[in-house]
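Just so you know, ligand 1 is whichever comes first in the structure, and atom 1 is the first atom listed for that ligand. One-based numbering along the sequence shown. What you see below is based on every heavy atom in this structure, not just the backbone, and it leaves out hydrogens, waters and symmetry mates.
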Amino acid sequence: QVQQALLALTIPLEMLQVVKSRMLQAMLKGLSRQTHAEANVRMLPTYICSTPDGTEKGDFLVVELCQSYVRTLWVTLLGDGNHSPQVTHKIFDMQQDIIQGTGEALFDFIAKCIHQFLAGISSSQQRIPLGFVFPFSCRQTQLDKAELISWSKGFSCTDVEGKDVVQLLQAAINKQELYHVDVVALMNDTVGTMMTCSMGKTPCEVALIVGTGTNSCFMAEARLVEMAEGTSRKMCVSTEWGCFGDDGTLNDILTPYDQSVDQESSNPGEKRFEKLVGSLYLGEIIRHVLIALATEKALFHGSNITVLRSKDVLKTQQVLEIIDAEGGMAEVRRTLEALGLQPSERDCCRVQQVCRAVVTRAAALCAAGLAAILSHMCQSWELERLVVNVGVDGELYRDYARFGEILQNVTGLLAPECVATLLPAVDGTGQGAAIVTAVALRLAAQRREVDCLLAPLRLSHADLERVQALMRQEMELGLGCETNANASLRMLPTYVRNTPNGIEQGEFLALDLGGTNFRVLVVRMAQNSIHIASNIYVVPTTIMQGTGEALFDHIIECIMDFQLKEDLMEQTLPLGFTFSFPCQQLGLDKAVLLTWTKGFSASGCVGKDVVQLLREAAQRKQHFGLKVVAVVNDTVGTMMSCGYDDPKCEIGLIVGTGTNACYMEEMKNVGMVEGEQGRMCINMEWGAFGDNGCLDDVLTSFDRLVDEKTINVGKQRFEKLISGMYLGEIVRHILLALVEKQLLFCGKPCPKLQTKDIFQTKFLSSIEMDGLALQQVQGILQDLELEASFEDSMLVQEVCQTVSTRAAHLCAAGLAAVVEKMRENRGLDQLAVSVGVDGTLYKMHPHFSKHLQQMLQDLAPNCTVTFLDSEDGSGKGAALVAAVACRDS
Ligand code: ADP
Ligand code: MG
């Protein structure tokens, strides 16, 4: 019979393996947002995202609420790696009536303890940060915001469940007029243990408590903690594994003794795992085994065992002494005799065996739980082998060496891929709480500095409305004949008077100069279809920056080469010329270059009609079959190419290397061109918006640094806030400032980051990609020889987001001015219009277009704007301009 009882209490290894995998299942259920509500193992987020780095420094107050007392600690951290924190503490006994009284009385009591304790402490610190160790299940939403889910361990104070206990404590502290004490962090005892054990060199990322109750916590991969919004890689999760099995998952290992213990407890059916492991219950389990064996007459023959029928007659401490190898036998006899039993030698042996079996089972189950945690960590960190420190606290572990041995060995068998070193928590949870508080303060201070640095880049709605109004004002100035000269917007007439109607037909040549590539194209338009063949030609830098003649000769040579290849030598096709530089246009085929941009500087061109330059080159090259009908800016080409499919497309937008826009304006508003009838497309050259200083208060110190290193200082101010050529540079300067303020890369100097243009705008696209594992961000930064921690990567991502969002929003403010003007021009309450867009930044950046469109809707609520991606705007568009011109002439 004794053997049978012992057997029932022994869980074979295969079964422990099963328990482990059930625990894993239960943990995943708790982590997932969908199943969290019904999970037994709740996996509560703690908002503790990093273990200490040793730089923590200062005086900290800790308050720990325990079963029968409140402990206060004064911890001084020296920033020396936490090797020698100075700790003073005091214990205040708490009456039973407090833990079952009102919440107010409880928190007032705690605050009074703090008051009394602080009276004996002298500190020069103005504010005293407080860490609160509160060992109950809380629904935490921040480090200093935690609603009590439910009381346990005999506490039942009224009006606390569902409330934020940090607020309750802070209010009670304020009542004591301790206004200089700030409750900064709340944590449970498990988390405190983990942080206490992290004090040495190596971090401790798991902790177990096996005392009266049992619980565990560990640093989980933050993205798996779906219940918490977080910006860090890891977050400590309190498993609350005491409730494991409350759904019946453990029924097949429960013995009749466990069932009796549960039935007699104050919370039957709950905390099933805790009732197998926690020391509060071990004595009770043993008592029920002894009752059963005595009833079966296998123990205490002839004794009256009534005494065993009363609860809690066997104390944990006695159990632990009984199972002790040395004094154990004497202790058994003493204990049993004290209960009025008359044990035989054999009874004593058997009772000791039973005690060992129950405690061994507790250790083995604890190991199964720990193995589940370790395997989970190993998997989610994608490691082949996990090496980790495990902080352990609680009387079972402290007072019974075998417990630790079993825990260690069984864990090793159940999770062979993990190497866990068990660390006893020597000083309880208090120092850990001080550390958590210190880390929280350090991070909060850093956050404030980062926010302060980025604040000027975060434009408010009002800021954007102001930019919109300025853009509108500059548009009017640029359109007016007298005011044009003083406006930062040139508002250049393009002589394009109509958008396509979709029935244009014929064959056209097109040139595209001024984008990333120089191209020659042939565009064949038939009913409802456009066919394009094109070829890319290189324009060597020597030619870009040589003489105008050489440049245009080169262009003609490329055209001839293309015509030869496409067998077009015999035909004279109308040609549209996309020439994406600011031009004063005097007719559709007459465009005077105002200034070169984008690295071109060919001599003898500025002030000349580029169509004429092209024709002269054709003469020189004896190429007579060329008929230039139109010269077009790329914005216009983009509008036209989208207009072929959508007649509402009356705006063109470019967000690539540079930025620019064009739109259909009423002829009567175009002061620079004769005529009042109809419309004309206006090339805004909006990149220059702000060159008269009207945007100066939007510019940040970073923008000025970027501008200073450009070839056109003080020019293209709007473009330098928005386009691909500059965003990477803005980010680079911000990163340098963050490093200098020691907020990034530990303040280590980054020589490579000093190089102009090393941080490319395409990096913003990669870094801001949704769901990008931060390891990949680290990879990008590594190429720049930047050693980025997880937190560094998050910060770089935030900087990129801030810069690209500002760009998109400014672009929206500009477009809002355009669409609102068009709406008013036409006297409409509501305007529906489409924008043709081109440019790699707009097309490739993961969020730019979304941010642009959302903000535009906010800023111009009376306009419904559709965005169309242009396909080959410059090529197709130029041909379409030519086609429309041929159609209308
Ligand atoms: P262009 O404006 O010269 O006609 P593009 O529209 O292709 O040419 O824009 C090129 C610019 O786009 C590059 O200068 C670069 O700054 C930016 N860019 C390139 N790739 C990306 C990307 N993946 N994400 C964001 N911007 C990019
Ligand atoms: Mg382009």
Check: [X] N/O within less than 3.5 Å of ligand 1 N/O:
X: G724; value: yes
X: T840; value: yes
X: K762; value: no

Next on the checklist: On a heavy-atom basis, I'd like to know which of L727, D838, L764, T657 is closest to atom 3 (O) of ligand 1.
Outcome noted: T657

So, [X] and [Y], do they make that salt bridge, N to O below 4.0 Å?
X: R717; Y: D703; value: no
X: R615; Y: D589; value: yes
X: D463; Y: R466; value: yes

Next on the checklist: Below 30° counts as parallel, above 60° as perpendicular, anything between as tilted: where do the rings of F867 and Y842 land?
Outcome noted: parallel

Checklist entry - Can you tell if the side chain of T761 reaches within under 4.5 Å of the side chain of E729, non-hydrogen atoms only? => result no

Item to check | Per-atom contacts, ligand 1 versus G656 - under 4.0 Å to a heavy atom | outcome: 2 (O), 6 (O), 9 (O), 11 (C)

Next on the checklist: I'd like to check which ligand 1 atoms, numbered from 1 as shown, lie under 4.0 Å from a non-hydrogen atom of G839.
Outcome noted: 6 (O)

